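I have placed the structure first, in the form of structure tokens, so that the comments after it can refer back to it.
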Protein chains: 2
Amino acid sequence: MSDTIEQKCLSKGVKLTDQRRIIAKVMSESSDHPNVDELYNRVSKIDSKISIATVYRTVKLFEESGILTKHEFKGGKARYEELNEGHHDHLIDVKSGEIIEFVDEEIEKLQKKVAEKYGYNLVDHKLELYGIKKKSQ
Amino acid sequence: MSDTIEQKCLSKGVKLTDQRRIIAKVMSESSDHPNVDELYNRVSKIDSKISIATVYRTVKLFEESGILTKHEFKGGKARYEELNEGHHDHLIDVKSGEIIEFVDEEIEKLQKKVAEKYGYNLVDHKLELYGIKKKSQ
DNA sequence: ATTTAAATTTTTAATTATTTGCATTTGTTT
DNA sequence: AAACAAATGCAAATAATTAAAAATTTAAAT
């Protein structure tokens, strides 16, 4: 676990307020990928006065500052995750909704290669695998 | 270009009405990936009485019947595309919005391998590359 | 320490994309 | 043709998100 979001805000010059600090803390302590609703519920437990509009604005601010990433998995609401050095993709259990993070360097390389082939510089990408857990025997 | 959507409906037992036939025709003749608005505009030129609710209902029906696929590219509205045998992924020009289709068998294989590694059967996946066109020299 | 200005938050209203309820129309069965 | 089902159009309802206005907090300047 690397820097907290609060530390990242400091080093990036993102101003912190009480509510932003709480949102930052909750996100930093979340090991899953909460959507705004879930995040709002968690911060509400710490300060019930925080409005959902602030949560929306803050995750957007953090995203624009490169502190969080937004995922738009199939058919659901946007989910947020702290952005750390180690990039990864996601494998989603279609039954339970569980999200597994993975990295595959080979796939990464091939993606870049595909973009190059068409004359593009790859600036972003999204890879999501949807799977069903195999019966363990 | 394979079967038209109308033919697919016949072979799959999806009932066709005048408006569905028009929507099917417009989709079959579209080589891009229209969103519902764009599709609605195109069908309106043929029959201005078709309502957007019908367009929504029809693309959903076609999707559930395995005739269309729905793409939820970053930050925009859902886009639809005719589903043919040849699966492919998408490279999106972040400046122009242009969408390029590509296939990379190696990536496909690796995806399956990753899912297996975590004990999953891959049932679906989404790979989108976002790129900026290189200056052609 | 007050005043002033700027930024942020809350509350509420507005938007956007999509879906649904319901009356009407169209199609099918008898 | 009457009766029933299915599909459509319209308008209202939802859901997620954003924006506007007013209130409050924070920071800066006197």
Side-chain angles (χ1 to χ4, degrees), chain A residues 5-6 9-10 12-27 33-65 67-81 97, chain B residues 5-6 8-10 12-27 32-65 67-81 97:
Chain A
I5 292 174
E6 189 164 340
C9 286
L10 290 183
K12 298 202 185 217
V14 173
K15 211 176 287 177
L16 278 168
T17 62
D18 288 356
Q19 22 281 83
R20 286 182 187 171
R21 218 180 309 272
I22 290 171
I23 294 167
K25 182 161 187 293
V26 170
M27 273 306 300
H33 305 67
N35 60 38
V36 172
D37 258 17
E38 291 164 346
L39 184 53
Y40 173 63
N41 286 334
R42 293 176 200 177
V43 306
S44 293
K45 283 188 191 140
I46 301 176
D47 178 351
S48 63
K49 305 239 57 192
I50 293 180
S51 84
I52 197 159
T54 298
V55 178
Y56 270 107
R57 256 187 273 107
T58 303
V59 291
K60 192 180 217 178
L61 170 70
F62 286 172
E63 194 205 353
E64 286 162 357
S65 313
I67 293 168
L68 296 181
T69 21
K70 180 182 189 175
H71 300 296
E72 286 170 302
F73 298 134
K74 292 218 292 187
K77 349 198 159 168
R79 295 187 166 277
Y80 288 87
E81 174 185 14
Chain B
I5 292 175
E6 189 165 340
K8 284 176 191 158
C9 286
L10 290 184
K12 298 202 183 215
V14 173
K15 209 177 289 178
L16 278 167
T17 63
D18 289 355
Q19 22 281 82
R20 286 182 187 172
R21 218 179 311 270
I22 291 171
I23 294 167
K25 183 163 186 290
V26 169
M27 273 306 299
D32 57 348
H33 305 67
N35 59 40
V36 172
D37 258 18
E38 291 164 346
L39 184 53
Y40 173 64
N41 287 334
R42 293 176 200 177
V43 306
S44 293
K45 283 188 190 140
I46 301 174
D47 178 352
S48 63
K49 304 240 56 191
I50 292 179
S51 85
I52 197 159
T54 298
V55 178
Y56 270 106
R57 274 190 286 243
T58 303
V59 290
K60 191 178 215 177
L61 169 70
F62 287 173
E63 195 205 352
E64 287 162 356
S65 312
I67 294 168
L68 296 181
T69 21
K70 179 182 192 175
H71 299 296
E72 287 171 301
F73 298 134
K74 292 215 293 186
K77 347 194 162 172
R79 295 186 166 277
Y80 288 87
E81 175 185 15

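Being a predicted model, the structure only gives us computed values, none of them experimental. Chain naming here is simple, since letters A, B, ... match the order of the sequence lines and numbering starts at 1 in each. The analysis underlying the following values was restricted to heavy atoms, covering all of them including side chains, and did not include hydrogens, waters or symmetry mates.
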Grab the N/O contacts between the protein and nucleotides 23-30 of chain C below 3.5 Å, and write none if there aren't any.
none

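The CZ atom of B:Arg20 sits 6 Å away from the C1' atom of D:dA7 (whole-angstrom rounding). Distance CD1 (B:Ile22) to P (D:dA7): 17 Å, rounded to an integer number of Å. Here D:dT18 presents its C1' atom at 15 Å from CG of A:Leu61, a figure rounded to the nearest Å. In this entry the distance linking CD1 of B:Ile23 with P of D:dA7 reads 13 Å, nearest Å. If you take CZ of A:Arg21 and C1' of C:dT9, they are 15 Å apart, rounded to a whole angstrom. Atom CZ of B:Phe62 and atom P of D:dA7 are 12 Å apart (whole Å). One interatomic measurement links the two molecules: NZ of B:Lys74 to C1' of C:dA17, which rounds to 20 Å at whole-angstrom precision. Following rounding to the nearest Å, A:Asn35 (CG) and D:dA15 (P) show an atom-to-atom distance of 14 Å.
With distances taken from any side-chain atom of A:Lys77 to the nucleotides D:dA16, C:dT19, C:dT9, the minimum falls on D:dA16. For B:Lys49, the side-chain atoms get nearest to D:dC10 when compared with the rest of D:dT8, D:dC10, C:dT20.
Considering only residues two or more places apart in sequence or on other chains, A:Ser44 meets the side-chain contact (heavy atoms from CB on, under 4.5 Å) condition with A:Tyr40. Residues satisfying the side-chain contact (heavy atoms from CB on, under 4.5 Å) criterion with B:Asp47, sequence neighbours excluded, are B:Ile22, B:Lys49, B:Ile50.
Stem list for DNA chain C (at least 3 consecutive Watson-Crick or G-U pairs, distances under 3.5 Å): C:1-30 with D:1-30.
Counting heavy atoms from C-beta on, the side chains of A:Lys77 and A:Asp37 come closer than 4.5 Å. Using a 4.5 Å cut-off on side-chain heavy atoms (C-beta onward), A:Lys74 and B:Lys70 make no contact. Annotation: side chain of A:Met27 is not in contact with side chain of A:Ile67 (no heavy-atom distance under 4.5 Å). Between A:Ile5 and A:Leu68 the shortest side-chain heavy-atom distance falls below 4.5 Å. The closest side-chain heavy-atom distance from A:His33 to A:His71 is below 4.5 Å. With contacts defined as side-chain heavy-atom distances shorter than 4.5 Å, the pair B:Arg20/B:Cys9 does not qualify.
The structure places OH of B:Tyr80 at 10.5 Å from OG1 of B:Thr58, a figure rounded to the nearest 0.5 Å. Separation of atoms NZ (B:Lys8) and OG (B:Ser65) is listed at 11.5 Å; rounding is to 0.5 Å.
Contact annotation: A:Gln19 does not reach the phosphate of D:dT25 (side-chain N/O to OP1 or OP2, under 4.0 Å). The phosphate of D:dT18 (OP1 or OP2) has a side-chain N or O of A:Lys60 nearer than 4.0 angstrom. Side-chain N/O atoms of A:Thr17 include one lying less than 4.0 angstrom from OP1 or OP2 on C:dT9.
Listed in residue order, the members of residues 50-57 of chain A having a heavy atom less than 4.0 Å from DNA chain C are A:Ile50, A:Ser51, A:Ala53, A:Thr54, A:Arg57. Applying a 4.0 Å cut-off to non-hydrogen atoms, none of the residues of residues 36-44 of chain B approaches DNA chain C.
A distance-only check finds no donor-acceptor pair linking the side chain of B:Glu64 to the backbone of B:Leu61 [under 3.5 Å].
Between B:Glu63 and B:Thr69, the shortest heavy-atom contact is CG-CA, 4.5 Å. Contact record, A:Thr54 with A:Ile23: O-CD1, 4.2 Å, taken as the closest heavy-atom pair.
Taking a cutoff of 4.0 Å between a charged side-chain nitrogen and a carboxylate oxygen, B:Arg21 and B:Glu6 qualify as a salt bridge.
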